[in-house]
Protein chains: 2
Amino acid sequence: MRARKQPYHHGDLRRSLLEAALQLIDEQGVAALTLRAVARRVGVSHAAPYRHFNDRESLVAAVAEEGFRGMLAALQAAAERAARNKADGLTALGVAYVEYALAHPSALRVMFATELADRARYPALAAVSSVTHDVLVQRVSEAQAAGRVVAGDPQELAFAAWSMVHGCAMLLLDGQMPDAVPRDLAKAVTRCLELGLAVRKGAK
Amino acid sequence: MRARKQPYHHGDLRRSLLEAALQLIDEQGVAALTLRAVARRVGVSHAAPYRHFNDRESLVAAVAEEGFRGMLAALQAAAERAARNKADGLTALGVAYVEYALAHPSALRVMFATELADRARYPALAAVSSVTHDVLVQRVSEAQAAGRVVAGDPQELAFAAWSMVHGCAMLLLDGQMPDAVPRDLAKAVTRCLELGLAVRKGAK
DNA sequence: CACTCATGTTGACATCGACAACATTGCGGT
DNA sequence: ACCGCAATGTTGTCGATGTCAACATGAGTG
């Protein structure tokens with residue numbers, strides 16, 4: 001069998017570091033996400049991560065990027081499911097967003113962490129986050145074409161929808177609603193969103 | 001004149017520390033909020049802050065608390081202004097929320113910082129944040145009574161409103177909408193919110 | 001006037017991010 | 001087959017930070 005002595009070169013250290021980072025965040029929160037701790041967990045020296053990440057923030061950004069990719073996949077899966085069932089794609093998207101947030105709270109926290117405020121410094125992160133946004137805008141446009149959503153700038157309507165869902169997720173994650181059932185609130189929010197965007201047949 | 005030599009006792013160090021903390025965040029971001037940096041700015045020794053804050057997180061929590069108080073004042077002022085002008089109090093609240101966020105981005109970031117996720121550890125913070133929430137619920141109830149908002153659990157409706165406005169503020173602060181005019185987006189969101197909550201005269 | 005305790009200071013330690021200098025090895029060109 | 005280079009890891013180190021313990025100061029109270 002192959003010698004168990006760790007080969008000097010790890011193979012795919014970058015990926016291992018990312019996975020360890022996710023575990024750390026899950027177990028001990030974002031504050032515990034330390035370059036040295038990640039290195040320890042993977043079993044490499046404390047400076048090894050610097051070969052793959054410029055600094056701590058770069059690691060955080062990379063983890064956030066992973067999070068966005070995961071969410072993007074979840075959103076697209078939800079949209080396809082909705083399309084197959086002839087259901088409302090927009091609503092499905094909103095529900096999927098909140099569900100992903102509740103299922104991966106630490107990922108969400110990293111994705112929108114304060115440290116990463118200036119996206120300009122992390123183009124890859126900005127890109128994947130932008131794609132996510134585009135998916136949403138696209139669904140809004142489709143819903144408009146199908147006559148299910150009021151006319152108007154799809155960018156602005158999408159932003160409104162995103163705001164609502166994102167805010168809901170964040171408030172739930174932050175425990176701002178301690179005595180409530182998250183899913184009920186999410187439902188209420190989604191319903192309000194539907195009403196707000198729906199084509200209004202009546203006067204007013 | 002009074003001796004300029006710093007008296008051994010500062011007088012109101014706690015308040016000074018809080019103000020220095022706010023300045024630091026404004027100037028250099030949340031990451032620069034360091035116990036030692038705050039102490040330096042105030043001109044006391046590096047361990048002095050420990051007489052007023054248990055640890056770094058406690059300081060952050062206290063700053064967040066200040067932020068909530070400021071926002072609460074802004075919201076209440078906006079509500080009163082709206083009442084005098086017979087305008088819609090709920091909309092005024094939403095606009096005031098986003099405006100406060102855009103005017104005090106660093107405060108907002110601290111208020112909803114990741115580190116303070118478990119509010120249980122900071123009762124004072126939880127309290128003032130809860131009061132803010134109550135104000136919103138109250139306005140929703142009033143709007144319902146005035147027939148301007150659909151019937152339903154005011155808690156849930158208020159949460160939906162809060163979600164939307166909070167999400168809008170957060171996304172704008174995070175620069176997720178780089179090529180847009182913040183105020184336009186805020187308007188769009190608020191309008192969507194109004195529509196979503198409004199009493200529907202027509203058929204669905 | 002003396003005592004006491006809150007408030008502030010000094011000094012120390014472990015940890016962290018970051019860098020530089022050095023070690024190892026996979027890989028491509030000859 | 002050999003050489004050499006560049007990517008990848010390691011060790012050592014530095015300054016800064018959070019945190020604690022031991023000590024100093026003085027404001028207010030009896």
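Per chain, numbering begins at 1; letters A, B, ... match sequence-line order.
- Between the A:H104 side chain and the A:Y100 main chain, a donor and an acceptor come within less than 3.5 Å of each other.
- In this structure, B:D153 contributes its side chain and B:Q155 its backbone to a donor-acceptor pair below 3.5 Å.
- Checking C:dA18, C:dT9, D:dG18 against every side-chain atom of A:Y50, the shortest atom distance belongs to C:dA18.
- B:F53 places its CZ atom 12 Å from the P atom of C:dT7, with the value rounded to the nearest Å.
- The nearest whole Å value for the distance from the CZ atom in A:R41 to the C1' atom in C:dC16 is 17 Å.
- Remark on DNA chain D: of its neighbouring residues A:R36 and A:P49, the 5'-side contact belongs to A:P49, judged by nearest-heavy-atom nucleotide.
- Between the C1' atom of C:dC16 and the CG atom of A:D55 lies a distance of 13 Å, rounded to the nearest Å.
- Among D:dT8, C:dT10, D:dT10, the nucleotide with an atom closest to any side-chain atom of B:A47 is C:dT10.
- At a threshold of 4.0 Å, the pair A:R191-B:E156 does not count as salt-bridged, since none of the basic side-chain nitrogens sits closer than that to a carboxylate oxygen.
- Shown for residues 13-20 of chain B: no residue has heavy atoms falling under 4.0 angstrom of DNA chain D.
- Rounding to whole angstrom units, CG of residue A:L59 and C1' of C:dG17 are separated by 12 Å.
- Here the closest heavy-atom approach between residue A:Q28 and residue A:R41 is recorded as NE2-NH2, 4.2 Å.
- Atom P of nucleotide D:dA16 and atom CG of B:L35 are separated by 16 Å, given to the nearest angstrom.
- Here A:H46 lies in heavy-atom contact (under 4.0 Å) with a base.
- Taking atom CD on A:Q28 and atom P on C:dC16, their separation rounds to 11 Å, with Å as the unit.
- Between A:L24 atom CG and C:dC16 atom C1' there is a gap of 14 Å when expressed in whole angstrom units.
- Side-chain N/O atoms of B:R40 include one lying less than 4.0 angstrom from OP1 or OP2 on D:dT17.
- Side chain of A:R109 to backbone of A:G29: no donor-acceptor contact under 3.5 angstrom is found.
- Considering only side-chain atoms of A:A48, the nucleotide from D:dT10, C:dA18, C:dT9 that sits closest is D:dT10.
- Closest contact between the side chain of A:S45 and the listed nucleotides D:dT19, D:dT10, C:dT10 involves D:dT10.
- Counting only distance, with no hydrogens or angles, the side chain of A:R56 and the backbone of A:L33 share a donor-acceptor pair below 3.5 Å.
- Within 4.0 Å of A:R51, counting heavy atoms only, lies at least one base atom of the nucleic acid.
- Counted within 6.0 Å of CD on A:E57, heavy atoms from surrounding residues, nucleotides or ligands total more than 12; the atom is thus considered enclosed.
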